[in-house]
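Basis for what follows: all heavy atoms, side chains included, without hydrogens, waters or symmetry-related copies. Residue numbers run from 1 in the order of the sequence given.
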Amino acid sequence: MSTHAKRERLLLADLLENAGPDAPTLCDGWKTRELAAHVVVRERRADAAGGIVIKPLAARLERVQAEFAGKPYEELVQLIRTGPPRLSPFALKQIDEASNTVEFFLHSEDIRRAQPDWRPREVDPVFADALWKRLETAARLYGRKSPVGLVLRRPNGQTAVAHKGTPVVTVTGEPAELLLFASGRQEVADVELDGDKEAVAKIADTPFGLW
């Protein structure tokens, strides 16, 4: 069984540890401490984590997340590194792999690419294919807010239609970069946009993402 999520978890924990609690991230309003708290709450507090997607629960999520952010930073990092409790759904390998591979990859890049001297991470072909499969599956969800037609294309020619419509903008890049773009991190994604000039401008300002 693939263990991409486990590897990404450890990489994220190492990045958080090395960056310290007050480093910037790409997540608006969050430093590394808040990002770490978010990851822990998502895995360990299902009663509050629903606020990520259910607006009436957002206030509770914010409150619980603030409580966790107040804990010792080293404790938060260790909770991420060791993983969720046994009774958490995320403790199941299949759910962990399906739900956390992309989550941890993106948050690692949120830390890495917020630093002034960041360099692109080298992504091995197997992991690139894994990211592509997840992006391909969720492409329509990522692209639902697009004001124009949107196609995601790998350099090898594989494509995924993220949104049907005209005119069409084609975004080309490696799977990791396309995932960053589709998740709302357009400003740091190394991709090329091809299409009508006005359509491309609209795409650049669209708040993409799953939620």
Side-chain angles (χ1 to χ4, degrees), residues 4-5 7-8 11-12 15 19 23-32 34-35 38-39 52-53 55 97-211:
H4 294 306
R7 181 185 66 177
E8 294 305 304
L11 287 173
L12 174 59
L15 280 168
T25 76
L26 297 180
C27 301
D28 190 29
W30 287 358
K31 292 189 176 181
T32 38
E34 287 74 29
L35 177 54
H38 159 76
V39 173
I52 296 173
V53 295
K55 288 186 178 181
E97 190 69 15
S99 302
N100 284 334
T101 298
V102 169
E103 177 83 4
F104 294 155
F105 166 76
L106 289 175
H107 285 324
S108 291
E109 294 305 301
D110 285 334
I111 299 168
R112 188 193 312 275
R113 300 191 185 212
Q115 313 311 312
D117 57 347
W118 73 272
R119 295 181 180 179
R121 167 183 168 181
E122 291 187 9
V123 176
D124 66 78
V126 173
F127 189 48
D129 284 343
L131 293 178
W132 173 255
K133 287 180 181 179
R134 284 160 176 77
L135 177 59
E136 191 176 32
T137 299
R140 296 288 180 88
L141 187 56
Y142 278 116
R144 71 193 185 284
K145 297 178 181 178
S146 179
V148 298
L150 180 63
V151 173
L152 306 176
R153 183 188 300 275
R154 297 181 68 173
N156 66 8
Q158 286 182 291
T159 61
V161 177
H163 191 81
K164 292 183 177 181
T166 55
V168 176
V169 173
T170 300
V171 184
T172 303
E174 296 295 340
E177 303 300 327
L178 290 173
L179 190 57
L180 285 161
F181 181 92
S183 64
R185 297 160 172 86
Q186 294 101 307
E187 71 278 7
V188 298
D190 183 12
V191 296
E192 293 184 1
L193 279 66
D194 182 42
D196 177 82
K197 185 176 181 180
E198 291 185 5
V200 168
K202 290 179 180 179
I203 286 290
D205 293 330
T206 299
F208 291 114
L210 289 178
W211 316 121

Start with the C-alpha distance between L11 and E8, add both sets of side-chain angles, then the distance that settles side-chain contact (heavy atoms from CB on, under 4.5 Å), and finish with yes or no.
CA-CA 5 Å; L11 287 173; E8 294 305 304; 3.7 Å; yes

Output the distance between atom CG (D129) and atom CD (Q158), rounded to the nearest 0.5 Å.
7.0 Å

Carboxylate-amine/guanidinium proximity below 4.0 Å for K133 and E97
no

From the list L179, T159, V171, side-chain contact (heavy atoms from CB on, under 4.5 Å) partner of L152 resolves to V171

If I take atom CG from residue L150 and atom CZ from residue R144, how far apart are they, to the nearest 0.5 angstrom?
13.0 Å

List the steps and the verdict of side-chain contact (heavy atoms from CB on, under 4.5 Å) for L135 and Y142.
CA-CA 8 Å; L135 177 59; Y142 278 116; 3.8 Å; yes

Residue pairs involving residues 176-196 (criterion salt bridge (Lys or Arg N to Asp or Glu O under 4.0 Å); sequence neighbours excluded):
D110-R185, R113-E177

Here the pair of heavy atoms bringing A128 nearest to V123 is N-CG1, 3.7 Å

So how far is it from T172 OG1 to N156 CG, rounded to the nearest 0.5 Å?
10.5 Å

Of all heavy-atom pairs linking P175 and R154, the shortest is CG-NE, 3.4 Å

Contacts of E174 meeting salt bridge (Lys or Arg N to Asp or Glu O under 4.0 Å) (sequence neighbours excluded), chain-then-number -> none

Verdict with reasoning, F208 to H163, per side-chain contact (heavy atoms from CB on, under 4.5 Å):
CA-CA 12 Å; F208 291 114; H163 191 81; over 6 Å; no

Does V126 reach the side chain of H4, with side-chain heavy atoms less than 4.5 Å apart?
yes

If I compare all heavy atoms of P147 with all of T206, which pair ends up nearest, and what's the gap?
CD-OG1, 3.3 Å

Using a strict 4.0 Å threshold on nitrogen-to-oxygen distance, state whether R112 and E109 make a salt bridge.
yes

Residue pair V161 / K164: nearest heavy atoms and the distance that separates them:
CG1-CG, 4.1 Å

If only atom types and distance count, is the side chain of T101 paired as donor or acceptor with the main-chain N or O of A98 below 3.5 Å?
no

Shortest non-hydrogen pair, L26 vs A114, comes out as N-CB, 3.9 Å

Answer whether the closest heavy-atom distance between the side chains of P167 and E198 falls below 4.5 Å.
no

Between F181 and I203, is the side-chain contact (heavy atoms from CB on, under 4.5 Å) condition met? List the steps.
CA-CA 10 Å; F181 181 92; I203 286 290; 3.4 Å; yes

Set of residues satisfying ring pair (Phe, Tyr, Trp, His ring centres under 6.0 Å) with respect to W30, sequence neighbours excluded:
H38

Taking every heavy atom of A204 against every heavy atom of Q186, the minimum-distance pair comes out as O-NE2, 3.8 Å

Quick check with a 6.0 Å cut-off and a 45 degree axis cone: is R7 positioned over the face of F127's six-membered ring?
yes

Whether the side chain of R134 engages the backbone of L131 through a donor-acceptor N/O pair (distance < 3.5 Å, no angle test) should be reported.
no

